[in-house]
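Down below is the structure, laid out as structure tokens.
Below, chains carry the letters A, B, ... as their sequence lines are ordered, and counting in each starts from 1. Computed over heavy atoms, backbone and side chain alike; hydrogens, waters and symmetry mates excluded. Everything quoted here is computed from the prediction, not taken from an experiment.
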Amino acid sequence: MPELPEVETVRSGLASLVLDATLNSVEVRRDSCVRLMPGGADQFTAMLTGSSIVAVARRGKFMWCELRMPGEAADAPPAEVLSAHLGMSGQFRVYEASVAAAPPPHSHCRVRLGLRRADSTELTVDFLDQRTFGYLTVEPTVGTSDGHAAGAGTIHDVLPTSVAHIGRDALDPWLDTDAALRAMRRGSRGIKQVLLDQTVVSGIGNIYADEALWAARIHPERPARTLSRPMAAGLLKVAQSVMSAALTQGGTSFDSLYVNVNGESGYFSRALNAYGRGGEPCDRCGTPLTRHSIGGRATHWCAQCQRKWAPRSTR
DNA sequence: AGTAGCACCTGATTGC
DNA sequence: TGCAATCAGGTGCTAC
């Protein structure tokens, strides 16, 4: 469930259930799900078994669990974390039951984890992924370069090595807005490509890029360097407000592929103004929305409201 | 350095 | 009805 609001819905749902639980059993049902582990499923299983989840964290679309191995000090920053990326179709499903008592795994279940909480109740956590672009991996951490919280839900100021290269996400209180606006206004790429570039500002995906551009009345192919600073600031602001709004509704969902840890879908798709609405009238001016592929991604915009160049009157 | 293009998968839907 | 083509919300590598 790929974009920031959907991943945050999953993160907070997981956190509410698995904090302080210990991993008893690990079943890798499809090896490619742990393809980033040099030692494959065996190494993945060995590194996880016996560890406890002390935090469930997220930056942009990347999630991770801070782990504590038995015998490690409670306040020591974790040397390793369990990283998860949902890719295009990843889901977590949590059952408040032991692995033996949980429903049989779905055919898209790639990994099944068995956990025991401090109060001895058991949990089964399934990682489902139809398209298999998602993954789980255990990897080392690096410190945050600015010493601030690494992301939502973190306890320690460390993040997975594989997440170090992306920018803070649009809803991160430690996002350096000034630097983000400078990065957004750089280069010859169309602004939509820049919004999708996770190293600039992370968390924005194809849906919210189209929604933010529609709200800010900016053409998706407008070269990034032609945006004025106020224009970029307005764009970042609407991206933040659209994603915040989606978050309060449990994220956007079109079908059973995108659900929270209980298998329920969000309601934000009702509120979309652009994404998936090619040919339908623009909610502002009634002009049928244009749909085209840009950089291989379906892109929706209003050719009337979103001019490639600012109308003469506003120059 | 910055950017475009493609590869990585499975399954649902569309079109002939 | 059957089968091939197309499409899907992401990321990272490669080559220019």
Side-chain angles (χ1 to χ4, degrees), chain A residues 1-10 29-36 58-63 83-91 106-110 127-137 139 160-167 169-170 182-214 220-221 223-225 239 242-243 246-247 249-260 265-279 291-300:
Chain A
M1 9 186 84
E3 303 185 42
L4 189 160
E6 294 76 33
V7 180
E8 174 57 18
T9 299
V10 172
R29 302 173 56 84
R30 185 170 176 129
D31 286 347
S32 68
C33 183
V34 295
R35 60 190 173 276
L36 299 183
R58 178 193 58 76
R59 175 182 287 196
K61 306 169 199 171
F62 292 76
M63 298 177 52
S83 270
H85 199 290
L86 302 177
M88 294 281 258
S89 56
Q91 312 179 354
H106 188 277
S107 63
H108 297 152
C109 178
R110 309 309 186 197
F127 180 71
L128 278 53
D129 189 15
Q130 181 204 102
R131 293 182 65 190
T132 74
F133 288 169
Y135 59 82
L136 301 184
T137 196
E139 61 173 325
T161 311
S162 68
V163 183
H165 71 289
I166 75 165
D169 68 58
R182 262 180 276 125
M184 284 171 68
R185 299 175 56 209
R186 200 150 50 212
S188 58
R189 287 183 296 174
I191 184 62
K192 172 155 183 185
Q193 312 278 42
V194 173
L195 287 179
L196 294 177
D197 183 342
Q198 303 297 298
T199 67
V200 174
V201 172
S202 67
I204 302 170
N206 205 35
I207 294 178
Y208 298 108
D210 281 5
E211 292 301 307
L213 289 166
W214 182 88
E221 289 178 299
R225 68 158 62 98
V242 170
M243 291 199 292
L247 193 46
Q249 299 184 47
T252 295
S253 181
F254 303 120
D255 54 45
S256 60
L257 221 46
Y258 308 103
V259 298
N260 69 12
S265 44
Y267 292 97
F268 194 68
S269 52
R270 289 188 208 154
L272 296 179
N273 292 116
Y275 184 83
R277 297 195 53 203
R291 179 185 192 276
H292 264 309
S293 180
I294 295 181
R297 315 300 302 279
T299 301
H300 314 74

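Of the candidate nucleotides dT10(B), dT11(C), dA8(C), dT11(C) has the atom lying nearest to any side-chain atom of Q198(A). Taking every side-chain heavy atom of T132(A) into account, dC9(B) is the closest of dC9(B), dT11(C), dA8(C). Picking from dG12(C), dA4(B), dT10(B) the nucleotide with the shortest atom distance to the side chain of Q193(A) gives dA4(B). Comparing dG9(C), dC9(B), dT3(B) by their nearest atom to the side chain of M88(A) picks out dG9(C). Distances were taken from every side-chain heavy atom of P2(A) (C-beta onward) to each of dA4(B), dA8(C), dG9(C); the shortest belongs to dG9(C). For R131(A), the listed nucleotide lying nearest its side chain is dC9(B); candidates were dC9(B), dG9(C), dG12(C).
R35(A) places its CZ atom 13 Å from the P atom of dT11(C), with the value rounded to the nearest Å. One can place CZ of R297(A) at 19 Å from P of dT6(C), the figure rounded to the nearest angstrom. One interatomic measurement links the two molecules: CG of L196(A) to C1' of dT3(B), which rounds to 14 Å at whole-angstrom precision. In this structure, R189(A) atom CZ and dA1(B) atom P are separated by 15 Å, rounded to whole Å. Between Y275(A) atom OH and dA8(C) atom P the separation is 6 Å, expressed in whole Å. Atom OH of Y135(A) is separated from atom C1' of dT10(B) by 19 Å (rounded to the nearest Å).
With contacts defined as side-chain heavy-atom distances shorter than 4.5 Å, the pair K192(A)/N206(A) qualifies.
Contact record, I204(A) with L195(A): CB-O, 3.6 Å, taken as the closest heavy-atom pair.
One finds no salt bridge joining K61(A) and D169(A) here, because no Lys/Arg side-chain nitrogen approaches an Asp/Glu carboxylate oxygen to under 4.0 Å. A salt bridge is absent between D129(A) and R30(A): the closest approach of a Lys/Arg side-chain nitrogen to an acidic carboxylate oxygen does not fall below 4.0 angstrom.
Partner assigned to dC9(B) is none, using Watson-Crick or G-U wobble distances below 3.5 angstrom.
Separating the P atom of dT14(C) from that of dC9(B) is a span of 16 Å, rounded to the nearest Å.
A stacked arrangement is not assigned to F133(A) and the six-membered base ring of dC9(B), the conditions of a centre distance below 5.5 Å and an interplanar angle below 30° not being jointly met.
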